[in-house]
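Each ligand, and each atom within it, is numbered from 1 in the order the structure gives. Basis for what follows: all heavy atoms, side chains included, without hydrogens, waters or symmetry-related copies.
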Amino acid sequence: MGRFTLPRDLYYGKDALSNLKNLEGKKAIIVTGGSSMRRGGFLAKTEEYLKEAGMEVKIFEGVEPDPSVETVMKGAEVMREFEPDWIVAIGGGSPIDAAKAMWAFYEYPDTTFETLCTPFSFPKLRQKAKFAAIPSTSGTATEVTAFSVITDYAKGVKYPLADFEITPDIAIVDPALVTTLPPKQVAYTGMDALTHAIEAYVSTLNSPFTDPLAIKAIEMVFDYLPQSYTGDMDAREQMHYAQCLAGQAFSNALLGIVHSMAHKTGAAFSTGHIPHGCANAIYLPYVIKYNSHEPEALRRYADIARRVGLGGTSENSQVNALIAKIDEFNAKLNIPKTLKDFGIDEAEFKEKIANIAELAIGDACTGSNPRAITPEQMEKLFVCTYYGTEVDF
Ligand code: FE
């Protein structure tokens, strides 16, 4: 038996934000991050529209990147005092993720992260509030997904929360919010979106409901990401929709080991953080090669290649064309081809990689990867991504 869940309403296009004035309720809390939404005037607009809807409005500002347990608890407490019937999260992935977790602790003050991080075991939400999400970046698609990641810095662990209960009720995908994204972020988040769509398409949980969303997202990323990167705002708008389609696909079909590898290497090396989308972009071509040794995955990657009009007469040559296309994209977007080129120190890589490979195997995204993988194979795969060597196993 399968399940396919998306937000009840999705508003998109010019002035999509103004749909907030049609929400029905008494009180709304706005959850947001640093100051970019305030600077851009979007916070004031959000507040204005909610007031137009006749609601009393409170703002919870300052959610940090990679939001912490403390921030979630603080937000939940503010919510318990204020008693909103709408939670409106606006900003990048972090404030929206944080607000999702605040929502759970607002409605269930006695629950714990340990309980919540068992996948698909959430208590029923919407007893007190509904949830609207408004993204200001084009990649995580948390506005339409069942996921949130919260970090416990004291314990040094990340809690991946996954449950359709935290799929927002409303997503507002307004292109005005992404016009000022820096090119680097456009590149990384765009490749994150491409990875979401490709991993969802080949996932063991793919379905006729997620396939069209994934394929359309892949087509759109190939059509629009380079121009969005160089500042074309029409292309930027299309990328904002493409990442949202990819999110709808992977929220229901889940992901694969590109994400497992990115999750476990993001903060692993002393030379600095590897941004999530950049890590995905580096690993994606190698993982396609690895997975395509599994016949069903080979067939589905070849399917993608044909759907986006790439050449090749056999499934193998079509998959190679897809890999070449991704390599070409990475080059165009100034994304390095290997971890070595990214600047990871060789000695540190060698010292840590066996352990990282083990951790990647245990990541929540490994289970839906189309080809099984052992810790030894994972380590070999990482070595290929370090030196840029052929994946021939
Ligand atoms: Fe991602």
Side-chain angles (χ1 to χ4, degrees), residues 65-67 91-98 100 119 133 135-151 158-162 166-168 171 173 178 181 184-203 205-206 210 213-214 217-218 220-221 225 228 239-268 273-288 291 304 326 329-330 333 335 339 342 359-360 363-370 385:
D66 297 319
S94 296
I96 300 175
D97 273 13
K100 285 174 170 179
S136 68
T137 56
S138 290
T140 69
T142 185
E143 73 275 12
V144 292
T145 73
F147 311 123
S148 158
V149 182
I150 305 299
T151 306
K158 278 184 189 277
Y159 297 113
L161 310 180
I166 52 168
T167 300
V173 189
V178 290
L181 284 179
K184 227 183 191 148
Q185 215 182 329
V186 171
Y188 293 166
T189 55
M191 290 308 288
D192 186 27
L194 180 67
T195 307
H196 292 155
I198 292 179
E199 293 214 281
Y201 193 76
V202 301
S203 158
L205 290 170
N206 74 70
T210 55
L213 294 163
I218 295 164
M220 288 175 78
V221 173
L225 181 53
S228 173
M239 276 305 299
H240 205 32
Y241 304 153
Q243 64 84 32
C244 185
L245 292 173
Q248 294 171 40
F250 90 81
S251 187
N252 291 282
L254 305 187
L255 295 165
I257 58 171
V258 179
H259 270 77
S260 308
M261 296 165 78
H263 289 156
K264 302 309 182 206
T265 47
H273 191 250
I274 313 174
H276 175 69
C278 180
N280 281 333
I282 294 173
Y283 299 144
L284 182 61
Y286 301 93
V287 169
I288 293 177
N291 283 345
I304 293 172
I326 295 165
F329 249 63
N330 281 343
L333 301 171
I335 292 172
L339 287 179
F342 181 83
L359 293 173
D363 188 86
C365 295
T366 303
S368 44
N369 193 67
T385 69

Do V221 and M239 touch side chain to side chain, with heavy atoms closer than 4.5 Å?
yes
What side-chain donor-acceptor pairs closer than 3.5 Å can you find for residues 253-262, not counting sequence neighbours?
| unit_1 | atom_1 | unit_2 | atom_2 | d |
| --- | --- | --- | --- | --- |
| H259 | ND1 | E199 | OE1 | 2.8 |
| H259 | NE2 | D192 | OD1 | 3.3 |
| H259 | NE2 | H196 | NE2 | 3.1 |
| H259 | NE2 | H276 | NE2 | 3.1 |
| H259 | NE2 | N280 | ND2 | 3.4 |
| S260 | OG | T366 | N | 3.3 |
| S260 | OG | T366 | OG1 | 2.9 |

For Q243, enumerate each residue passing the side chain to side chain donor-acceptor pair (under 3.5 Å) test, keeping only those at least two apart in sequence or located in another chain.
E143
Protein-derived N, O or S atoms sitting under 2.8 Å away from the Fe ion (ligand 1) total 4
Determine the minimum heavy-atom distance between A146 and S251, stating which atoms define it.
N-OG, 2.9 Å
Any residue meeting side chain to side chain donor-acceptor pair (under 3.5 Å) with S136, in chain and number order, not counting sequence neighbours
none
Where is the tightest heavy-atom contact between V173 and C244, given as atom of each residue plus distance?
CG2-SG, 4.0 Å
